[in-house]
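Down below is the structure, laid out as structure tokens.
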Amino acid sequence: MRFLLLNPNTTESMTHDMEEQARRYARPGTEIEGVTAPFGATSIEGFYEEEYAIMHFLQAIRQRAEEFDGVILACYGDPGLHAAREISPVPVVGIAEASMLMACTVAHKFSIVTVIPRVKPMIEHTVKLHGLESRCASIRTTPLSVLDCEADPTAAEREILNASKAAIEEDGAEAILLGCGGMGPLDQTVGAALSVPVIDGIPCAVKLLEGIVDYGLTTSRAAAYKAPEEKEFVEIGSLAPGATA
């Protein structure tokens with residue numbers, strides 16, 4: 001089977017790291033192709049950047065999804081997830097929802113450890129979007145930017161460990177979710193230092209998609225994920241100054 005992994009930002013090295021993380025946990029025979037956003041921000045750390053990334057996700061799905069058995073949205077806010085499911089001919093999994101669902105099978109309460117404090121409201125929104133507030137013990141932030149996780153893994157590991165220990169000791173966390181796609185490669189080293197499961201959303205998305213495909217499931221079109229209604233669209237390019245029909 002083949003999965004399309006969509007990086008919401010324009011940083012090629014992060015796409016490579018997420019591809020490698022996905023392949024590390026994928027079964028033999030499962031192929032992963034990562035795609036870097038051709039436009040947008042170098043990292044996603046605010047609502048504007050996150051919303052901007054949705055257009056990349058939707059454009060890539062429209063252009064490429066038919067070539068694959070499933071799509072991974074590799075942004076911890078799961079931006080555009082529901083819209084992506086409407087238009088995708090194959091199942092779409094977001095790394096945040098995947099990690100939370102996986103955590104619920106091995107722990108009663110999970111905490112999410114993420115990057116700079118401004119992303120906390122975004123992740124609170126994501127937890128509510130997926131209806132898992134009662135299972136989330138806390139959201140702990142760090143001084144790390146998204147790109148710091150890649151640039152200095154040693155410092156990133158230290159900050160993630162400190163926040164994780166606080167979540168376990170003070171918040172009652174029974175599992176730690178790495179709340180940024182760039183944190184993924186640290187799951188094993190952080191997990192070795194803690195007494196609870198440490199979960200990265202990218203492997204969770206891979207394993208969920210493998211199971212979905214094996215089970216023969218497809219996205220329900222009964223209501224929420226029906227294809228968009230037939231109507232005329234004005235494409236973004238036609239709104240550019242000086243554009244002509």
Side-chain angles (χ1 to χ4, degrees), residues 1-27 30-45 49-50 52-61 64-65 67-81 84 88 90-103 112-116 119 122-123 126 142 144-153 156-157 160 176-191 198-210:
M1 59 187 77
R2 300 180 66 221
F3 299 148
L4 179 64
L5 184 151
L6 299 178
N7 177 10
N9 66 48
T10 61
T11 303
E12 288 276 3
S13 57
M14 187 169 293
T15 304
H16 174 76
D17 287 348
M18 292 192 292
E19 277 182 306
E20 289 302 304
Q21 178 74 342
R23 291 177 183 136
R24 189 174 296 123
Y25 290 94
R27 295 192 312 230
T30 296
E31 299 178 16
I32 310 291
E33 180 180 334
V35 174
T36 306
F39 53 83
T42 54
S43 61
I44 308 299
E45 290 161 334
E49 296 159 356
E50 186 179 66
Y52 208 96
I54 292 173
M55 294 310 299
H56 158 55
F57 283 164
L58 300 183
Q59 183 182 70
I61 287 169
R64 301 283 315 278
E67 305 169 30
F68 298 88
D69 299 295
V71 176
I72 298 168
L73 303 186
C75 180
Y76 207 80
D78 288 347
L81 176 61
S88 177
V90 296
V92 180
V93 173
I95 63 172
E97 184 178 32
S99 69
M100 293 179 211
L101 294 177
M102 197 75 80
I112 300 168
V113 172
T114 189
V115 289
I116 56 177
V119 308
M122 297 167 61
I123 294 183
T126 303
T142 64
L144 302 165
S145 70
V146 169
L147 298 181
D148 286 340
C149 298
E150 181 184 35
D152 193 347
E157 181 180 339
I160 294 167
I176 298 296
L177 278 53
L178 301 179
C180 170
M183 290 179 171
L186 297 173
D187 59 347
Q188 293 295 317
T189 54
V190 172
V198 173
I199 298 171
D200 172 38
I202 289 175
C204 293
V206 170
K207 304 317 284 187
L208 278 177
L209 275 176
E210 287 178 336

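With rounding to the nearest 0.5 Å, the separation of CD in Glu67 from CG in Leu4 is 8.0 Å. The line from OG1 of Thr114 to CE of Met122 is 8.5 Å long, rounded to the nearest 0.5 Å. To the nearest 0.5 angstrom, Leu208 atom CG is 9.5 Å from Ser99 atom OG. Considering CD of Glu45 and CD of Glu50, their distance stands at 11.5 Å, rounded to 0.5 Å. Here Ser13 contributes atom OG and Leu147 contributes atom CG; the two are 7.5 Å apart, rounded to the nearest 0.5 Å. For the atom pair Ser88 OG and Phe57 CZ, the distance stands at 12.5 Å (nearest 0.5 Å).
Classification of Glu20 and Arg24 as a salt-bridged pair fails, no side-chain N sitting under 4.0 Å from a carboxylate O.
When all heavy atoms are compared, the tightest approach of Phe68 to Phe3 is CD2-C, 3.6 Å. Nearest heavy atom pair, residue Leu5 against residue Ala74, reads CD2-CB, 3.9 Å. Of all the heavy atoms in Leu186 and Ala156, the pair that sits closest is CD1-CB, 3.8 Å. In terms of heavy atoms, Glu19 sits closest to Ile32 at OE2-O, 4.1 Å. Here the shortest heavy-atom pairing between Cys149 and Leu144 reads SG-CD1, 4.3 Å. The minimum heavy-atom distance between Ile112 and Gly179, with the atom names listed, is CG2-CA, 3.7 Å.
Using a 4.5 Å heavy-atom threshold, the side chains of Asp69 and Leu209 count as separate. In this structure, the side chains of Met14 and Val146 come closer than 4.5 Å at one or more pairs of heavy atoms. Considering only heavy atoms from C-beta on, His16 stays 4.5 Å or farther from Glu12 through its side chain. Side-chain atoms of Val71 and Ile61, non-hydrogen and from C-beta on, do get closer than 4.5 Å to each other. Within the 4.5 Å cutoff, the side chain of Thr11 has no heavy atoms near those of the Ser43 side chain. Between Val115 and Met183, some side-chain heavy-atom pair lies under the 4.5 Å cut-off. For the pair Cys204/Leu101, no side-chain contact is recorded, criterion being any heavy-atom separation below 4.5 Å from C-beta on.
Counting non-hydrogen atoms of other residues, nucleotides and ligands closer than 6.0 Å to OH of Tyr25 gives a total above 12.
Between the side chain of Asn9 and the main chain of Ala41, no donor-acceptor pair closer than 3.5 Å is present. Under a 3.5 Å cut-off, the side chain of Glu210 and the backbone N or O of Arg27 do form a donor-acceptor pair. Between the side chain of Asp78 and the main chain of Glu97, a donor-acceptor pair closer than 3.5 Å is present. A distance-only check finds a donor-acceptor pair linking the side chain of His56 to the backbone of Asn7 [under 3.5 Å].
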Walk me through it: do Ile72 and Val206 pass the test side chain to side chain contact (heavy atoms under 4.5 Å, CB included)? CA-CA 8 Å; Ile72 298 168; Val206 170; 3.8 Å; yes

Assess whether side chain to side chain contact (heavy atoms under 4.5 Å, CB included) is satisfied between Val35 and Leu6, documenting all intermediate values. CA-CA 5 Å; Val35 174; Leu6 299 178; 3.9 Å; yes

Could you please spell out the steps behind the side chain to side chain contact (heavy atoms under 4.5 Å, CB included) verdict for Leu177 and Tyr76? CA-CA 10 Å; Leu177 278 53; Tyr76 207 80; 3.4 Å; yes

Do Ile160 and Val198 pass the side chain to side chain contact (heavy atoms under 4.5 Å, CB included) test, and can you show the C-alpha distance, the side-chain angles, and the key distance before you say yes or no? CA-CA 11 Å; Ile160 294 167; Val198 173; over 6 Å; no

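With Pro79 as reference, Ile54 is the one residue of Leu73, Thr126, Ile54 to meet the side chain to side chain contact (heavy atoms under 4.5 Å, CB included) rule.
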